[in-house]
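Below is one structure, written out as structure tokens; comments come after it.
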Amino acid sequence: MKRYNPRDIEPKWQQIWANTKLYAAKNGDQTRPKYYMLTEFPYPSGDGLHAGHAREYTIGDVIARHKRMQGYNVLFPMGYDAFGLPTENYAIKHKVTPQSATARNTAMFRQQMQSLGYSIDWDREVNTSDPAYYKWTQWLFLRFLEQGLAYQAELPINWCPFEKTGLANEEVVDGKHERCGTPVEKKLLKQWVMRITDYADRLIDGLKSIDYPSRISSQQINWIGRSEGAEIEFAVDDEVLTVYTTRPDTLAGATFLVLAPEHPAVTAITAAEQRAAVEAYVKQAQAESELARQATDRPKTGVWTGAVAKNPLSGRDMPVWVADYVLAGYGTGAIMAVPAHDERDFAFAKAMNQRLLATEGPEYIDKETAPRPNEPFHHREVVQAIVKHPTEDKYLLQRMLGWETKSLSLVSGGIESGEDPLQAIVRELREETGYVHIKSLAVTGLPYGVKFYHEHKKVNRSARVTTVFIQLESLRQVAVAAEEQALNESVWTGAKEALSQLHGEGARRVFNEHTAGEPTPFIAITPVIEPITGTPHGDDHEKEAIVAVVHNAKTNETLLLDWGPRHSNWGGMLFIGGGVEPGEDLVKAAEREIAEETGYKHVKFVHQTEVPVNNYYYSNVKDRHDKARMYGLLFELEDDAQTDTNMDEGEKDKFTPKWVPDDEVFSTVNDGGHEVIYRMLMRDEAYPGEGVLVNSGQFDGLSGIEAKRAITKWLFDQGIGRGATKFKLRDWIFSRQHYWGEPIPVVHCAKCGVVPVPDDQLPVELPQVDHYEPTDDGQSPLAAIDEWVNTTCPTCGGPARRETDTMPNWAGSSWYWLRYMDAHNDQAFADRAALDYWGVVDLYLGGMEHTTLHLLYSRFWHQFLYDQGLVPTPEPYAARRGQGIVLAADGRKMSKSLGNVVNPTDVIAQYGADAFRLYILFMAPYDETTPWSEERLSGVSRFVYRVWSLGQELMAAPAAIAAEPAGDQGAFEAEVDRATHKTLKKLHDDLESMRFNTTVSALMEYVNVLTDAKVKSRLLQPANAALRQRTLRTLILMLAPSAPHLAEELWHELGETTSVHLAGWPQYDPALLQDDVVTVVVQVNGKLRGNILATPDATEPELIALAQAEPNVAKHLDGVQIVKIIVVPRKLVNFVVK
RNA sequence: GCCGCUGUGGUGGAAUGGUAGACACGCUUGACUCAAAAUCAAGUGGGGGCAACUCCGUGUCGGUUCGAGUCCGACCAGCGGUACCA
């Protein structure tokens, strides 16, 4: 028997295939359908082919070979993406030219790919650094230039200080250069830029017509980052600031504007007294590195410009700030900030207000009650409010009863620990005056200090006073305690009168500033969206409600009601809830519900949500759809005292109160509305979701898209805004300051400006030089080569200088699949007939890492070429698939420094190319990342040897020794043929769906059947010569795409003289797939209780009878009642019993 | 945070809503051998049982269904991408 020796047969056949040009694709062949199988061409680095390449090209080769055997005219080409920095660096280091390094490396790659037996049409090989190739890259660039899609601009670009070159945005990852990891700097340079943003919409829309994995299309869509919203203009002094927002519905809640530090209007709008601060901030922002600015969770910083704009909808002042959380490069570089509904604006507002509140304002000494000398001061933090009447132009002042002074004061009180000034003043207002219905409140003016003698407490008092402006919504009041009534009397007064009677210099000053409309940097947080939870049904029964969150600070627990298991629309764990009677105070209502439902009678109100949550839900009790406008109220439990709960008997058993640890509350509550309430109450955060508009004048009551549309239209009608679409995608920085790239084919002439090199003078070839090290000054090394740089102007003939920037390495790969169609054309980048014939790439296989780089760039080029009528299709690739990464055996990435790299050449030397290929297919689904395993590779290698031996045995069996076979010959042949055709069908299905791992499994199973001792010995009998022959033939054909050398060798041993790879792919015969006997599974209540053998066409009653007769099934059917019998012909019988 | 993908034995991974773990690796036992390697044969999810058989089992919790790894809902974990993009 001949031994299997891949070291002999593999090179032998590779040589023969090459010599006969077996895999040559034929342009214009109308006798067969075409199939264009493209894999990404490699960058020819000095390290040679790696395992990832081998995976990609092996998959591509198997598909190409299978298609070829199916009768397609297959184009499966290869080339080299040869320009780029690694080669340049390598050449500098080894003191050779990039040209010679490239020649050496491409030869190595070609040799390695050939040794893997790929069916590449080598006559079409391309190399992007070949002048014959880049002539056409330059030619195509000039078409972009003609159409204005390539332009020069002075831009702050990403600069890699290590490789000394500019970079595209797509090449910067986490603030670092994706290739070398060096932190990227900003550098202002004159650059060539490609207007890819013109194609942003097309690049998204085109994805619909092509077959990309959702992973890739969603990543591209994300990267392009289209968003729809509105541009809104705000007048600030003489300037008009235009902002971009995706949330025009929150316009009324925009309480300030923010400009990026780089925004051109910053200087113009900055007020004189703020100039120094603003300039310092802008300077500091510019000094920050990209990396630092990108850091997540960095505290918000900013500075007030002193300017104020007016909100066109709410009419309120909006201080204009400068802050680096707004990016100059996106939208208009300015935003309207809505702190109530945007997390970033919220964080900024909180931080800035806090900073302002912490500042020390002027200090006043009260002259009427001057502090006593030589006595210590007792300090308090105080908040006071300028409270405005809901309808009239009047302010709420207080007269202290029992004091000697006749003057009035603002509503005020001490800030208790843990409170912020806004919370404190709301509490004070409620306790002292009973007013609770607040429309808006905001800090106004810087805090000031005051010192006086406290006559009641008989101490010197120093206070820091924060002033808040409160606009009442209505005069709705709650009862005021008698002791409070005895202290103060409330008076509504006009502004002038108030000012004259106000006690205290500081209070008079802030009141005056406020009523005079002095600009203030303080940022109000005004909610304009009421959250919606649940789904409206149209006929919802509306009511006002409270949700009471009762917290116990001693145990850090929160009170929940357990309504039993959660169903789709009732039950679960909820807070205490209940209806509010018309006109009833929310706090009172909540206290009543708490007592009724849980018995707790001593709870202290802390605060409530500013807006209600519109919760749509199904009321199980009332059997109807309800809409509750739920206000959340937070209470602190004062003591455990409980009264009897006061509930109907029916209501009592429905729920049980439960104390839940605070950190589990959020995950325990399982109702959308209650969750939102809890977030609003407990977590200091914005509500960024959608909902119903409030505090938005005429737009109140609108929601979602409705509101966006209505407000955008209103802005348009007012002439201060319009709908707008923006993209995250930026134009493509196309210049590189390096030697080893395509020279950008233009010259700069003092007289004519930028002049394209005429087409007939292309290519602009790279000069052959000794030194081409990159420079630090942002100049290409080409600039130093005078004899190359100095040229004449093609237009005027005068002296001119060549452009010295080169193209990025993405340029050559942006059109290479077109060159394969007609690789040697020197009249055009490709002949139109060839372009028409091959059309789109049918399948493009490559790595996931190119999704937002090469794949996006090349689609952009192709779409442009289509627009110019240069290519026949709008998209280059009909389908794209990405292969998974091959990890090292240790589960880590393969890397030279870890020493865990698998070298394909070594693998081939030890196991042969066919075993290597089969293992690549077998190791995992092709798109799954998976570790390399030499042990499993050896398993596949055993399979290859088994196939070889089987082939040898089947061929060596004597054809005519008289010996009669035992048993039924027809049944045996049918059994073997059935196995063959089942395998064929499996291969057919799995190759179509690219499930290569299971095709190898199927081949293994098939070979296992044939090598089974009983089957094989009978197969070797003389009577089975014909069966043996057709079985082996089919096996070889099935192996041909994945193990081409093995298949070819056995094929020729079989006596064939033409290549197996030109043979037709075998078709399976459905008739031969039919089993004589099928195994039918018998279940009782879905549990497997046995199986029966039946003919495929057995009827239902027959199957049931057989099943019932099965002893174990009978056992389980004994003594039970059969409710139902499910029969799936040829598959299963299931008895449903009681 | 957002977008996408993935969760199945000791491992890589199979399974049109119908016998979970195909095919391999590894491991155990046996044959061959002086011995080892290679090869061949048998076994191999966990628990119980002498056995027939039986219970449990595909990240978690629910739901739909005669029947769920597969479909639906909520969550958890891992991977990839992206991120003050307003």
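Heavy atoms only: backbone and side chains are in, while hydrogens, waters and symmetry mates are out. Chain letters run A, B, ... following the sequence lines, proteins first, then strands; residues in each count from 1.
- Nucleotide B:rA37: unpaired (no Watson-Crick or G-U wobble partner with both distances less than 3.5 Å).
- Between A:Val1133 and the options A:Val1128, A:Asn1091, A:Leu1103, A:Ile1126, a side-chain contact (heavy atoms from CB on, under 4.5 Å) holds for only A:Leu1103.
- In this structure, the nucleotide among B:rU19, B:rA15, B:rC5 sitting nearest to the side chain of A:Thr998 is B:rA15.
- Rounded to an integer number of Å, the gap from A:Asn222 CG to B:rC3 C1' is 5 Å.
- Residue contacts for A:Gly939: at a heavy-atom cut-off of 4.0 Å it reaches the sugar-phosphate backbone alone, with no base atom in range.
- As judged by a 4.0 angstrom heavy-atom cut-off over every strand, A:Pro925 is placed among residues touching the sugar-phosphate backbone only.
- Rounding to whole angstrom units, CZ of residue A:Arg892 and C1' of B:rG78 are separated by 19 Å.
- Nucleic acid contact class of A:Arg730 (heavy atoms, under 4.0 Å, all strands): base.
- For B:rG30, the glycosidic angle deviates from 0 by more than 90°, giving an anti base.
- Surrounding CD of A:Gln1074 are more than 12 heavy atoms belonging to other residues, nucleotides or ligands, all under 6.0 Å away.
- Base pairing annotation: B:rU6 forms a Watson-Crick or G-U wobble pair with B:rA77, both donor-acceptor distances under 3.5 Å.
- A cation-pi arrangement is absent between A:Lys300 and A:Phe348, since the terminal nitrogen or guanidinium carbon is not both under 6.0 Å from the aromatic centre and inside a 45° cone about the axis.
- Among the nucleotides B:rU16, B:rG81, B:rA14, the one closest to the side chain of A:Asn997 is B:rA14.
- For the ring-ring contact (aromatic ring centres under 6.0 Å, His included) test, residues two or more places apart in sequence or in another chain that qualify with A:Tyr678 are A:Phe575.
- One finds the CG atom of A:Leu887 at 6.0 Å from the OG1 atom of A:Thr929 (value rounded to the nearest 0.5 Å).
- A:Lys726 comes within 4.0 angstrom of nothing in the nucleic acid, heavy atoms only.
- Distance from the side chain of A:Tyr330 is smallest to B:rA86 among B:rA86, B:rU16, B:rC3.
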Please list, for nucleotides 63-71 of chain B, all pairs of protein and nucleotide N/O atoms separated by less than 3.5 Å.
unit_1, atom_1, unit_2, atom_2, d
B:rC66, O2, A:Asn1134, ND2, 2.5

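- In a base pair of the Watson-Crick type (N1 to N3 plus N6-O4 or O6-N4) or a G-U wobble (N1-O2 and O6-N3), with each distance short of 3.5 Å, B:rG62 is matched with B:rC72.
- Taking 3.5 Å as the limit, the base of B:rU11 and the side chain of A:Arg936 contain a donor-acceptor pair of atoms between them.
- Closest to the side chain of A:Arg1089, from the set B:rC55, B:rG81, B:rC53, is B:rC55.
- In this structure, B:rC27 forms a base pair with B:rG43, meeting either the Watson-Crick or the G-U wobble geometry with both donor-acceptor distances under 3.5 Å.
- Residue A:Asp345 is out of contact with every strand shown, counting any heavy-atom pair closer than 4.0 Å.
- Residue A:Thr245 is in sugar-phosphate contact alone, with no base atom involved, counting any heavy-atom pair closer than 4.0 Å across all strands shown.
- For the residue pair A:Asp731/A:Thr197, the side-chain donor-acceptor check at 3.5 Å is satisfied.
- Residue A:His1116 is classed as a sugar-phosphate contact, given heavy-atom separations below 4.0 Å to backbone atoms only.
- A salt bridge is defined here as a Lys NZ or Arg NE, NH1 or NH2 lying under 4.0 Å from an Asp or Glu carboxylate O, and A:Glu685 with A:Lys350 fails to meet this definition.
- Using a 4.0 Å heavy-atom distance criterion, A:Phe922 is classed as a base contact.
- Taking the side chain of A:Glu928 as heavy atoms from C-beta on, and the options B:rG13, B:rG26, B:rU82, the nearest nucleotide is B:rG13.
- Rounded to whole Å, the separation between the C1' atoms of B:rG62 and B:rG9 comes to 27 Å.
- Note: A:Tyr911 and A:Phe916 fail the aromatic proximity criterion, with ring centroids not under 6.0 Å apart.
- Backbone-only engagement by A:Ser227 is indicated by non-hydrogen atom pairs under 4.0 Å involving sugar-phosphate atoms exclusively.
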